[in-house]
Amino acid sequence: VDDHKIMRDGIKAILKPNADLDVIGETGNGAEAVQLVRKLRPDVVLMDINLQGMTGIEATVEMRRHQPDIRVMILSMYDDEHSVVSAVKAGARGFVLKRASDGDVITALRTIAQGGTYLSPRVS
């Protein structure tokens, strides 16, 4: 979930070579993401914070209200304490900075999919 299509396309390109990681849906809108999660029931949601209308934090809260076991990983350019703490309080299982390497994003997704948590070193 990212409001920039180029980011969504880039993430799909990064994930494509990994047989254990599939993109089953995408959107640039927090409210639509909530609906997609209810319909598609993904293992992990990769979510930006800065979305128009419903933010990524608000969408995370709403997703967890309907599906408490959903695993959300925030992918954001923001590394400030407020953003990180808000994401964790909302129920995100991970927080990765957009400046992270492809390998870090993949490691984080796998960790979260297996039930763990992951924070980029800079935000932990």
Side-chain angles (χ1 to χ4, degrees):
V1 182
D2 195 292
D3 56 337
H4 296 100
K5 183 171 181 353
I6 195 166
M7 279 297 298
R8 297 193 312 266
D9 290 346
I11 290 168
K12 287 188 290 190
I14 291 167
L15 299 181
K16 188 173 183 154
N18 300 278
D20 62 324
L21 300 172
D22 292 318
V23 176
I24 62 169
E26 68 174 277
T27 183
N29 176 298
E32 188 173 310
V34 172
Q35 296 305 316
L36 280 174
V37 163
R38 292 176 82 178
K39 178 182 175 185
L40 300 174
R41 305 201 50 86
D43 296 319
V44 178
V45 175
L46 185 58
M47 174 96 64
D48 188 15
I49 288 178
N50 192 21
L51 302 169
Q52 290 188 359
M54 180 183 282
T55 69
I57 301 297
E58 294 166 336
T60 298
V61 169
E62 189 65 16
M63 287 174 187
R64 291 192 40 84
R65 190 168 70 84
H66 294 287
Q67 190 176 335
D69 59 338
I70 190 67
R71 297 174 182 134
V72 176
M73 181 177 115
I74 299 295
L75 183 63
S76 178
M77 64 183 218
Y78 301 109
D79 62 0
D80 61 282
E81 183 177 348
H82 174 73
S83 296
V84 177
V85 170
S86 295
V88 171
K89 283 184 178 180
R93 301 285 296 271
F95 196 105
V96 177
L97 297 173
K98 286 186 176 179
R99 63 178 164 245
S101 70
D102 298 358
D104 287 343
V105 172
I106 291 167
T107 297
L109 284 170
R110 287 181 174 144
T111 299
I112 292 166
Q114 294 170 358
T117 58
Y118 187 97
L119 296 175
S120 284
R122 178 159 170 84
V123 300
S124 65

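- Residues D2 and L75 fail the side-chain proximity criterion, which asks for heavy atoms closer than 4.5 Å.
- Here the CD atom belonging to E26 is positioned 6.5 Å from the CG atom belonging to D9, to the nearest 0.5 angstrom.
- Atom OG1 of residue T117 and atom CD1 of residue I112 lie 7.5 Å apart, to the nearest 0.5 angstrom.
- Note that CZ of R41 and CD1 of I24 are 10.5 Å apart. Values are rounded to the nearest 0.5 Å.
- No more than 12 heavy atoms of other residues, nucleotides or ligands sit less than 6.0 Å from atom NE2 of H4.
- The CG atom of D3 sits 6.5 Å away from the CD atom of Q52 when rounded to the nearest 0.5 Å.
- Cluster membership for V105 and M47, using ILVMFWY side-chain heavy atoms within less than 4.5 angstrom, is not shared.
- Inter-residue side-chain proximity for S101 and I106 is flagged as unmet; no heavy-atom pair is nearer than 4.5 Å.
- The two residues G30 and A59 have their closest heavy-atom pair at O-CB, 3.8 Å.
- Criterion: ILVMFWY side-chain heavy atoms under 4.5 Å apart, direct or through other members. Under it, I57 and F95 are part of a common hydrophobic cluster.
- By the criterion of side-chain heavy atoms lying less than 4.5 angstrom apart, applied directly or through intervening Ile, Leu, Val, Met, Phe, Trp or Tyr residues, Y78 is not grouped with L119; the two fall into different hydrophobic clusters.
- Grouping the Ile, Leu, Val, Met, Phe, Trp and Tyr side chains by contacts below 4.5 angstrom, directly or via other members, places M73 apart from V88.
- Put simply, the side chain of N18 never gets that close to the backbone of L21: no donor and acceptor are under 3.5 Å apart.
- Put simply, the side chain of M7 does not reach to within 4.5 Å of the side chain of D48, judged on heavy atoms.
- Taken to the nearest 0.5 Å, the OG1 atom of T27 stands 5.0 Å off from the CG atom of N29.
- Follow the hydrophobic side-chain contacts under 4.5 Å out from V34 and you reach I49 in the same cluster.
- More than 12 heavy atoms of other shown residues, nucleotides or ligands fall within 6.0 angstrom of atom OH in Y118.
- A heavy-atom distance below 4.5 Å is not found between the side chains of R65 and V61.
- The shortest distance between side-chain heavy atoms of R99 and D79 falls below 4.5 Å.
- Judged by distance alone, the side chain of S120 and the main-chain N or O of V123 form no donor-acceptor pair under 3.5 Å.
- Within a 6.0 Å radius of CG in L40, more than 12 heavy atoms belonging to other residues, nucleotides or ligands are found.
- A pairwise comparison of heavy atoms in A87 and I74 identifies CB-CG1, 3.8 Å as the closest pair.
- Proximity of a side-chain donor or acceptor of R71 to a complementary backbone N or O of D43 within less than 3.5 Å is not detected.
- Residues L51 and E58 form no side-chain contact, since every pair of their non-hydrogen atoms from C-beta on lies 4.5 Å or further apart.
- Atom NZ of K12 has more than 12 heavy atoms from other residues, nucleotides or ligands within 6.0 Å.
- With values rounded to the nearest 0.5 angstrom, E32 atom CD is found 9.0 Å from Q35 atom CD.
- In this structure the side chain of V1 never reaches within 4.5 angstrom of the side chain of L36, judged on heavy atoms.
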